[in-house]
Amino acid sequence: MSEATENRGERKVAIRLEKLSKTFPVQDEPAVKELSMDIYEGEIVVLVGPSGCGKTTTMKMINRIIEPSSGRIYISGEDVTDANPDQLRRSIGYVIQQIGLFPHMTIADNIATVPRMLGWDKERVSSRVDELLETVHLPTSYRDRYPKELSGGQRQRIGVARAMAADPPIMLMDEPFGAVDPITRERLQDEFLGLQQEVLQKTIVFVTHDIDEAVKLGDRIAILRDQSEIAQYDTPETILTDPTDDYVEDFIGSGASLKRLSLSKVEDIKTAEWPVAHLTDSHDDVREKMKQSGREYVLLLDERDKPKRWVNWADVEQNGIPLKEAGWPSVAIVERCSSLYDTLDTMITSYRGSAVVVDENEGKYQGVVDFATVLSAIEEMRPQEGRQAPDFIAEREDLPS
Amino acid sequence: MSAQETKEAPRREEPPESPQQQPGKKSGGRTAQSMGWTLARYLVMPVFLVLVCLGLYLGISSRTLDSIEKRSLSGEYIIQKVIEHLEISAVATALVVLISVTAGVILTRPVMRRVAPYIVGIASTGQALPSIGVIVLIVVLTGQFGFKVAVFSLIVYAFLPILRNTMVGIQQVDQSIIEAGRGMGMTNAAVLFKIELPLAIPIMLAGIRTALIIVVGTAALATFINAGGMGDIINSGITLSRDTILITGSVLTAVVALSVDYIGGIAEDVLKPKGL
């Protein structure tokens, strides 16, 4: 995600909203008031805010399901405010919370909706349907089923597949994972992130009221207050560590620092110096290493460098007990790509208050993290004095500081 | 009564299948069983109607008929009257479906939202009047008799059920489905013909079936404006004080009405979109 920030300069603006307003008939106050915002290509931008703040209205103005009262919408530099809405929408994927699958059409027909409107030939449509079913991890035998024969999570996947059917460069997603159970939601989120990183690389505008979902999925988060006024528009890291005002701070809620930990990977922090030995080593060697390091425990590895056991002085003082059975088994193990949040969670439940880091493939020992290492990592995340405001947020200049 | 029973039977038979619990199960397994039920259900009504006709035939042939009865109960005469009856009903139904479905579609467009209740109100008065009243009123207003007047009054009378069900059918379509369609770039016409109407079909068909029964039943009154039909048999039974003719006419009218309802029921099953 930090990579996105660095490359920002080269990226093009995919969607530009310019002083966009919407006042619904019969209402005095506008639902969205003069919102301006740039969304860069290939990024997931999450609009997040309390109910009724206008985030959904904002998103629906991008494909003009809701026509703006004033302001302009540019997509890839082109002013689409007055373009033919039907044509416009065929190039923008659209996923809504209720999914809205057509119940009287088969899964294949549902997915084929936009390709058919675009006049693709039968074979191309058919192979695209198969391809998409595979992409969303559903068997191609589901083609001829009807939506009611699918579970909620499966329907949601079809909804995403349908939106991606004609490979639109932009996707709008309105709380797409809101209506499924928490476990399914997490799985769908993970799949979706994996998909975006590996295949899609699309510009995605994602609406949610759930800050955790925003932090997890967003390359950039726009926290909105009433009338879609941007309170802060930045990377999740910055928002969590450096909220602009009380409103943002309130919205991200308590535990912001903990949430921040879910954005850093354990491989990004420095592991602690720790004595290690092998199960094949002699007791003398182990004692020697413990003395030299000044630590109370030594980690024992097997012949493939996989962490096996923890031993303390008392365990190896006598030569009687073989090292294979001495001490405690090492169970608090995290992979290099694990988040600091998960690492901390593992550490809390372990005996030693420390976790062993291994590589993803072979489970080889990489290092040990303890509370001290995590604390110093957190220390580094804190905002530094006199930091410059990121230049990509046009609105920041207008905001009271 | 039996039409009611048979209609509900298959609904009870459908297992309350929850897709979450049986994601691997294909719908194909269920259809074989439910097809057997559908077949049984389809057989009950025709068998019943044939038995009624047979009973009627045996009852009449066991009696000695006078010359008036013989003329009114000849097969040729009865068939002619049934055909007349069905002609009036068919033309009236075809026209009323065309008119009221179109009206229903127009009245559910967003532009018409304000005027729709008034038009439904006017249509309701057509149905609130007694059927014979509608027919007489139209004769009085137009000064004409015969086939066209009969058809016209039946249209007035059957307009409401179809109109109302078309409107309800379209209005009950889940807004999120329509929004998804629009969001993918469907034109208004595509939304109407590919989403709204197909999803409204079950409710529309129920309205059309109701209208059909009303039309077939009310067509018996066409005799009073010289439009023929099975009302002629009943009416001659009354005016000539021949109970045999009266009963035959009444029973046959009921048989025709039930047959039409039966065919309507099959049509509903066949035309209903899959997946609903």
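Small disclaimer: the values here were computed from a predicted structure and weren't measured. In what follows, chains are A, B, ... by sequence order, proteins preceding strands, each numbered from 1.
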**Student:** Which atoms form the tightest heavy-atom contact between B:A180 and A:G100, and what is the distance?
**Tutor:** CB-O, 3.4 Å
**Student:** Of all the heavy-atom pairs spanning A:I65 and B:R182, show the shortest one and how long it is.
**Tutor:** O-NH2, 3.7 Å
**Student:** Considering non-hydrogen atoms only, spot the tightest contact between A:M117 and B:M184 and give its length.
**Tutor:** CE-O, 3.2 Å
**Student:** Identify which part of A:L88 has an atom lying under 4.5 Å from any heavy atom of chain B, answering side chain, backbone, both or neither.
**Tutor:** neither
**Student:** Might you work through the side-chain contact (heavy atoms from CB on, under 4.5 Å) test for B:E179 and A:Q98, ending with a clear yes or no?
**Tutor:** CA-CA 10 Å; B:E179 194 191 312; A:Q98 306 87 338; 5.9 Å; no
**Student:** Check each atom of B:Q175 against the heavy atoms of chain A and say whether the ones under 4.5 Å are side chain, backbone, both or neither.
**Tutor:** neither
**Student:** Using modelled atom types only, decide if a donor and an acceptor are shared between the side chain of A:H104 and the backbone of B:K194 within a distance under 3.5 Å.
**Tutor:** yes
**Student:** For A:I92, is it the side chain, the backbone, both or neither that has a heavy atom under 4.5 Å from a heavy atom of chain B?
**Tutor:** backbone
**Student:** Chain B heavy atoms under 4.5 Å from A:L118: which part of the residue, side chain, backbone, both or neither?
**Tutor:** neither
**Student:** Measure B:I195 against the heavy atoms of chain A and call it side chain, backbone, both or neither at under 4.5 Å.
**Tutor:** both
**Student:** Does the pair B:S176 and A:I96 meet the rule for a side-chain contact (heavy atoms from CB on, under 4.5 Å), with working shown?
**Tutor:** CA-CA 8 Å; B:S176 63; A:I96 52 179; 4.0 Å; yes
**Student:** Is A:P85 close to chain B through its backbone or its side chain, or both, or neither, when contacts mean heavy atoms under 4.5 Å?
**Tutor:** neither
